[in-house]
Each structure stands twice: as C-alpha cells, then as structure tokens.
There are 2 protein chains.
Amino acid sequence: MTAAPDMAETFTRALAIVSRQWKRRLDVQFRHLGLSQARWGVILELSRHEDATQIELARVLGIEGPTLVRLLDGLERMGFVERHPSAEDRRAKKLVLTEAAMRILERMKSIAANSRLEVLEDIPADDLRTATRVLAQIASRLEKMGNDENG
Amino acid sequence: MTAAPDMAETFTRALAIVSRQWKRRLDVQFRHLGLSQARWGVILELSRHEDATQIELARVLGIEGPTLVRLLDGLERMGFVERHPSAEDRRAKKLVLTEAAMRILERMKSIAANSRLEVLEDIPADDLRTATRVLAQIASRLEKMGNDENG
DNA sequence: GCATACTAATTAGCTTCCTATCTTTTTGCA
DNA sequence: TGCAAAAAGATAGGAAGCTAATTAGTATGC
C-alpha cells in the first residue's frame, strides 16, 4: 500500500545498526592498546575535565554512575586513572589521568580521528552538519523527556 | 586554536548518546509487555520474513548469530516464537511467530510508532531525510570495511 | 540541633552485544 | 566416492550498558 518508505523507521533502524557497527570497529582499533571505545571515551573526557568527580564525568559521557564505576575499575587496574579523595566532599572522588595515560593520549586521539576520517570521508560536509544537528536536537529532546519522567 | 568545532567528533558522540538513550526509552515503553527494544525488533522482522532461518534474521537485524540465539531463547520461553526444523537443511531452523505474538503485534507496532513520533516530531522532514541518507551511507561503508577485514 | 531527605559512590544482578569454540550437517572438489 | 572446507546453530565467557539497593556523607527544615 504505502510505496513511500516510513522515514522515521528507516532512520531509527539505521541509527541502531550504525552505532553498533561503529563501536565494534573502534573496539578492534583500540584493542592493541588494551583499550575499547568505552574506555577511550573516559580517558578523552577526563583529559578535558581534569579533577572531575565521577558523577560529573558520567553526565558528560551520557552514561549512568554504575557503568562508569566499572570502566574506572578497569582503567585504574591498567594504571591510566587514579581516584583521589575530594577535599570538599568526603563522599566524592576527584579523577586524574596518570602520566602513563598522558603519554599515549595523542596516539589514542589519532586512532579515533583516523577512524572518523575513514568512515566519514565520503559524506558531504553539509549533510554531516545537518545530520549532526538532527542528532543534537534528538538528544536534547530525549533528555528533556527523561527528566519529565512520563514516557 | 580551532574555534570551529570538529564536526566529525560531535557527530560520533551524539550518535552514541542518542542511540543509547533511545534504546533505554524504548526498553521502558515495552516493559509492561515483558519485552525490550531488542526483542521487539526480532518480532517485527520475523513478521516481515516469516520462515526465515536464524542466520537470515540475524543479517536483517544487523546482529551476530549468538546474540540472536539468546533473544530467541527468551522469546521462545515467553511463547512468542517457535523454532521449527527446516525440511531442506537439517542444520537450520525455520522461525515462526505464534498466535500470541500475532495478537499483540499491532499493539507493539503502535508503541514503536508513537515513540518515533514523539521523539522526531520537531525534526523537519528534509533534515530527517538527509540524516537518514547519511546513516545509510555510513552503514554501507562500515559493512564494506568489515568485509574487507583490514582496519 | 537533630531527624529527614538528598547525593556520591559502590555492589549485585540482569540484558544485550561481542568473539571464540564446538557439533552437526552440507557442499565442493579431486 | 570420499574427504576437506564451509555453514547453521549452540555454548561459554567477557564487556558495557541498565536498575535497584546499600553505605557513607552532606544539606535542609522544623
């Protein structure tokens, strides 16, 4: 009956598949450093928000507290991150990158940048801008809806 | 130095966050039926490809065989799916939806459609079309790269 | 000033994704 | 024809996400 494709459904399916496949590819590309896409994200954001607490970092990453706890456990074991007690609030921990992490930060950045480049190179800049704007709009809508808590 | 934002990085971050948050929202919306976003996807595609084998269905869904095995285990336990031996190939199973699944299929479809509607309603149709095209391009590029196996 | 409510981090346990490996069956080719 | 390679499904085990509940500390309100 409907020859017209349901754009919204096509969009959501493509979204799910692309995000899974890309994550998978990044996991492979970070593997030789003993890292993964998720752990790399933690290190990157920590390099931009030195001394953040776990809650703050989780918020930036868009993940929940307990998810970050496990990622940090792994990174701490690998010697890339340390949890220091906070002076102002004894419940909280200040997160810091170690020297070891700093040393390989640039290498990690270039792996991530290369991955983006090779996957996105054929996408026209205008289209990418539009797609990014659409995703940002959806993200803020989902966040608002999540806070309103009626879904 | 670069006042211009790195569009590629912004895109990939938004992609990851949106797909996670949306999945989470759908999981909530399907919960009262005892389902999840992942299980719903299996039922939907199965309704479109009756008698598919597991490998065929996994390919359509963009997931790996073992992931589908567990999803089917759950759906079979719930009485929504049955695995029938294939006449042509004794290794393979033909998947079929049960009457119970058929009965709530329309309800599930409308939950999914409503979810898309409420999240996407403010997005201009043209932008959504562009974003969908971009995602489809990326998906096919990732698939090609995955097959070439060098990355 | 103390009880109550909130907040930071953790733990426990579930789901959904993955890879690697195994078993059974089919296919292909020498 | 028969044997090696490939393919379908399952199993085992790990990673990364989630919620719910626990513990410890901070803030609030009467």
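This one's a predicted model, so the numbers in the text were calculated from it and none came from an experiment. Lettering follows sequence order; numbering is per chain, from 1.
Where DNA chain D meets chain A (any atom under 4.0 Å from a heavy atom), the bounding nucleotides read 5' to 3' are D:dA16 to D:dT26.
A distance-only check finds no donor-acceptor pair linking the side chain of A:R141 to the backbone of B:L120 [under 3.5 Å]. Formation of a donor-acceptor pair under 3.5 Å by the A:Q21 side chain with backbone atoms of B:G62 is found in this model. Of the possible donor and acceptor atoms, one in the side chain of B:T130 sits under 3.5 Å from a partner among the backbone N and O of B:D126.
Positionally, the nearest nucleotide of DNA chain C for A:R59 lies more toward the 5' end than for the other of A:R59 and B:D27.
The distance from atom NZ of A:K23 to atom C1' of C:dC17 is 8 Å, rounded to the nearest whole Å. Atom CG of A:L26 is separated from atom P of C:dT19 by 14 Å (rounded to the nearest Å). A straight line from CZ of B:R20 to P of C:dC17 spans 14 Å, rounded to a whole angstrom. Whole-Å rounding puts the B:R24 CZ to C:dT15 P distance at 17 Å. Separating the CG atom of B:L61 from the P atom of C:dC18 is a distance of 11 Å, rounded to the nearest angstrom.
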Expected list for residues 105-112 of chain B: side-chain donor-acceptor pairs under 3.5 angstrom, two or more places apart:
unit_1: B:S110; atom_1: OG; unit_2: B:R107; atom_2: O; d: 3.3

For residues 76-85 of chain B, please give each side-chain donor-acceptor pair under 3.5 Å, one per line with the distance, not counting sequence neighbours.
unit_1: B:E76; atom_1: OE1; unit_2: B:R83; atom_2: NE; d: 3.2
unit_1: B:E76; atom_1: OE1; unit_2: B:R83; atom_2: NH2; d: 3.3
unit_1: B:E76; atom_1: OE2; unit_2: B:R83; atom_2: N; d: 3.4
unit_1: B:E82; atom_1: OE1; unit_2: B:H84; atom_2: NE2; d: 2.9
unit_1: B:R83; atom_1: NH1; unit_2: B:Q54; atom_2: OE1; d: 3.2
unit_1: B:R83; atom_1: NH2; unit_2: B:D73; atom_2: OD1; d: 2.3

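Listed in residue order, the members of residues 84-97 of chain B having a heavy atom less than 4.0 Å from DNA chain D are B:R91, B:A92, B:K93. Residues from residues 64-75 of chain A placing a heavy atom under 4.0 Å of any atom in DNA chain C, listed by number, are A:P66, A:V69, A:R70. A heavy atom closer than 4.0 Å to some atom of DNA chain C occurs in no member of residues 36-46 of chain A.
Salt-bridge check for B:R13 with A:E45: passed, with a basic side-chain N closer than 4.0 Å to an acidic carboxylate O. The pair A:E118-A:R25 meets the salt-bridge criterion, with a side-chain N (NZ, NE, NH1 or NH2) lying under 4.0 Å from an Asp/Glu carboxylate O. With respect to the salt-bridge test (charged N to carboxylate O, under 4.0 angstrom), the residues B:K94 and B:E56 do not qualify. Look at A:R59 and A:E64 and you find no salt bridge, because none of the NZ, NE, NH1 or NH2 atoms lies under 4.0 Å from a carboxylate O. B:K23 has a carboxylate O that lies under 4.0 Å from a charged side-chain N of B:D27, or vice versa, which qualifies the two as a salt bridge.
Under the 4.5 Å side-chain contact rule for hydrophobic residues, A:M7 and B:W22 share a cluster.
To the nearest 0.5 Å, atoms CZ (A:R39) and CG (A:L33) are separated by 12.5 Å.
Side-chain contact between A:T132 and A:R129 is absent, with no heavy atoms from C-beta onward closer than 4.5 Å.
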